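Shown next, in structure tokens, is the structure this report addresses.
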Amino acid sequence: IPVEPFVLVVFGATGDLSRRKLIPAMFQRDAAGQLPEGAEIFGVSRSKLDHAEFVAQAKAAVEEHVPQAERPALLVERFLKRLHYVAADATGDGGWAELAEQLKPFKDRVVVFYLATGPALFGPICERLGRFGLADGDARVVVEKPVGKDGESAHAVNEAISRVFPEDRVYRIDHYLGKETVQNLMALRFANGLFEPLWNAAHIDHVQITVAESLGVEGRAGYYDTAGALRDMVQNHILQLLCLVAMEPPAHLAADAVRDEKLKVLRALQPAQEHSWVRGQYRAGASAGGPVPGYLDELGAPESQTETFVALKAEIGNWRWAGVPFYLRTGKRLAERVSEIVITFRPVPHSVFGEGAGPIQPNRLVIRLQPDEGVKLWLMIKDPGPGGMRLRPVPLDMSFAAAFNARNPDAYERLVLDVVRGNQTLFMRRDEVEAAWAWIDPILEAWSQAPEPPKPYTAGTWGPSAAIALIERDGRTWADGA
Ligand code: BG6
């Protein structure tokens with residue numbers, strides 16, 4: 001179903017996010033017939049490009065990031081006609097009058113300002129959007145994560161945004177919420193009667209959330225070194241996943257109903273304890289493609305103590321979850337790219353089988369977010385054959401690729417159009433972001449005081465051995481490749 005005509009104005013239009021995600025996502029929606037006549041896309045950045053140069057960059061982005069079979073030349077041409085470019089300075093007034101002038105004919109459309117820039121520019125850009133009369137009416141602003149670098153700066157950034165845009169027109173993106181499989185978490189929990197009665201401390205032993213990447217910092221070392229894994233991944237993506245696993249069923253899917261429930265989870269997080277985290281940094285090692293350098297070599301700064309890996313044990317202090325650890329981990333240059341949530345149920349209270357049957361392993365529900373999206377439920381099954389009762393874990397295995405013969409759209413395709421539709425359900429509200437920082441801040445504070453640097457790990461492994469010890473101390477193991 002096409003959305004209403006809109007104007008998308010992307011700040012940071014020549015940057016990495018725009019090239020890799022936003023332009024390809026908009027092309028895909030256009031190709032799918034969802035962009036109506038009159039949907040226009042403005043690129044804005046400091047670079048003094050002319051229209052043709054910007055269009056050439058956008059075309060290259062589509063060619064690089066959309067598979068050839070999905071981009072017939074005619075559709076690419078049609079898409080490129082929607083593009084405009086204006087050079088404007090986020091921290092000065094240069095170019096803004098021109099931008100305002102160019103947007104004038106579109107006053108009656110939904111206008112979306114997408115700030116694909118660092119958080120330091122959110123305030124200055126919003127201030128100018130206000131001053132140049134661009135934030136009026138129904139205009140919306142989208143900001144990328146991370147919002148700030150700690151609670152205090154996030155508060156300041158949110159204040160600056162709120163001086164110009166009311167909360168119901170602010171869309172804080174966490175692209176994990178736009179992933180198909182992440183939305184499926186809600187379907188799995190709330191559209192099936194099977195799991196919800198068991199979804200609590202009485203039946204669940206622990207939860208693991210892993211977002212492992214095999215790539216390194218890929219040309220983003222400048223940004224990454226100021227962030228690190230805790231700010232880059234845990235404060236937002238991983239805590240959002242934890243919220244979706246742990247929240248109470250909302251009454252309905254309206255934005256505030258869902259966000260109220262997530263907020264309660266964030267506020268119920270117990271302060272992390274010193275012995276419940278491990279931070280790491282990769283050294284040279286190997287990936288599937290061959291040898292890879294260490295983080296410090298990639299960065300060119302031998303002193304950096306930025307973590308490229310973090311493992312944490314989180315606990316939620318409420319009736320549903322008290323005593324159920326949530327083990328969280330994420331890192332760059334790990335053994336494989338895999339994001340998954342593993343729910344391990346409690347073991348059976350008593351075995352009726354003799355020793356010869358083998359150990360009875362607890363049931364596990366594995367929600368694989370990427371790649372090979374799917375859901376597996378591990379059950380104990382009798383090994384076939386007349387040789388007596390031998391047990392073995394076997395999965396009930398649902399693969400999205402096999403069940404649905406459809407392309408899995410990128411999260412940004414869904415999320416940008418949700419902004420046009422005015423649907424904030426999959427966006428973070430201000431109080432959520434600030435509550436997430438309130439849990440992260442003491443960890444950052446402890447790290448800044450800690451005399452010891454992050455623990456080294458070899459690229460291509462599962463992180464420092466201390467991360468394995470973190471969970472094994474509790475008599476559990478990471479469910480690698482479950
Ligand atoms: C981004 C982080 O938010 O998410 C990156 O800044 C990370 O460092 C990326 O690589 C991972 O996203 P995805 O969709 O590839 O899992």
Side-chain angles (χ1 to χ4, degrees), residues 12 15-25 28 64-66 114-120 122 142-149 154 171-185 209-242 244 279-282 287 292 295 298-299 304 306-310 328-341 367-374 400 407-416 426-428 433 436-437 440 459 463:
D16 186 64
L17 180 76
S18 170
R19 216 177 46 243
R20 280 190 311 118
K21 295 291 186 182
L22 299 177
I23 301 268
Q28 288 283 15
E64 190 181 344
H65 297 288
V66 178
Y114 196 120
L115 313 193
T117 67
F122 296 167
V142 184
V143 294
E144 263 295 329
K145 54 132 291 248
V147 177
K149 61 180 181 35
Y171 292 75
R172 293 179 194 78
I173 264 203
D174 183 313
H175 78 279
Y176 267 57
L177 295 178
K179 288 181 188 280
E180 280 291 321
T181 35
V182 175
Q183 292 169 58
N184 244 306
L185 247 175
I209 302 179
T210 296
V211 179
E213 297 184 273
S214 52
L215 294 178
V217 285
E218 306 304 300
R220 292 164 73 231
Y223 148 74
Y224 193 85
D225 200 54
T226 63
L230 190 68
R231 291 188 178 94
D232 187 49
M233 299 295 285
V234 180
Q235 190 273 342
N236 33 79
H237 304 324
I238 292 197
L239 286 185
Q240 286 292 319
L241 294 177
L242 176 143
L244 294 181
R279 58 184 180 137
Q281 192 186 64
Y282 62 84
S287 75
V292 291
Y295 176 70
E298 271 182 73
L299 184 68
S304 171
T306 298
E307 79 287 357
T308 60
F309 172 95
V310 56
L328 316 176
R329 87 188 148 151
T330 183
K332 303 264 182 209
R333 287 267 189 249
L334 296 183
E336 53 180 298
R337 174 175 182 257
V338 51
S339 298
E340 65 186 14
I341 299 170
I367 302 153
R368 173 66 76 101
L369 307 178
Q370 60 190 29
D372 310 327
E373 293 83 351
F400 284 106
R407 185 181 75 86
N408 205 353
D410 187 77
Y412 284 92
E413 295 180 38
R414 160 82 196 256
L415 293 174
V416 176
L426 299 179
F427 295 83
M428 295 180 290
V433 172
W437 278 120
I440 295 286

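Start at 1 and go down the list; that is how both ligands and their atoms are numbered. Predicted, not measured: the structure shown is a model, and the values here were computed from it. In this chain, numbering begins with 1 at the start of the sequence shown.
- A donor-acceptor pair under 3.5 Å links the side-chain atoms of Ser304 to the main chain of Thr306, judged by distance alone.
- For ligand 1, residues of the protein lying within 4.0 angstrom by heavy-atom distance are Lys145, His175, Tyr176, Lys179, Glu213, Arg220, Asp232, Met233, His237, Lys332, Arg337, Gln370.
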**Request:** Report the C-alpha separation of Asn408 and Glu373 in whole Å, then their side-chain angles, then the decisive distance to 0.1 Å, and conclude whether the side chain to side chain donor-acceptor pair (under 3.5 Å) test is met.
**Result:** CA-CA 9 Å; Asn408 205 353; Glu373 293 83 351; 3.2 Å; yes
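- Ion pairing between a basic and an acidic side chain is recognised when a charged N comes within 4.0 Å of a carboxylate O; Asp16 and Lys21 show no such pairing.
- Heavy atoms only, all atoms of each residue included: Tyr176 and Leu241 are closest at CD2-CD1, 4.2 Å.
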**Item:** Stepwise side chain to side chain donor-acceptor pair (under 3.5 Å) test for Tyr412 and Gln28
**Value:** CA-CA 10 Å; Tyr412 284 92; Gln28 288 283 15; over 6 Å; no
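- Taking 4.5 Å as the limit, some side-chain heavy atom of Asp232 sits within range of a side-chain heavy atom of Lys332.
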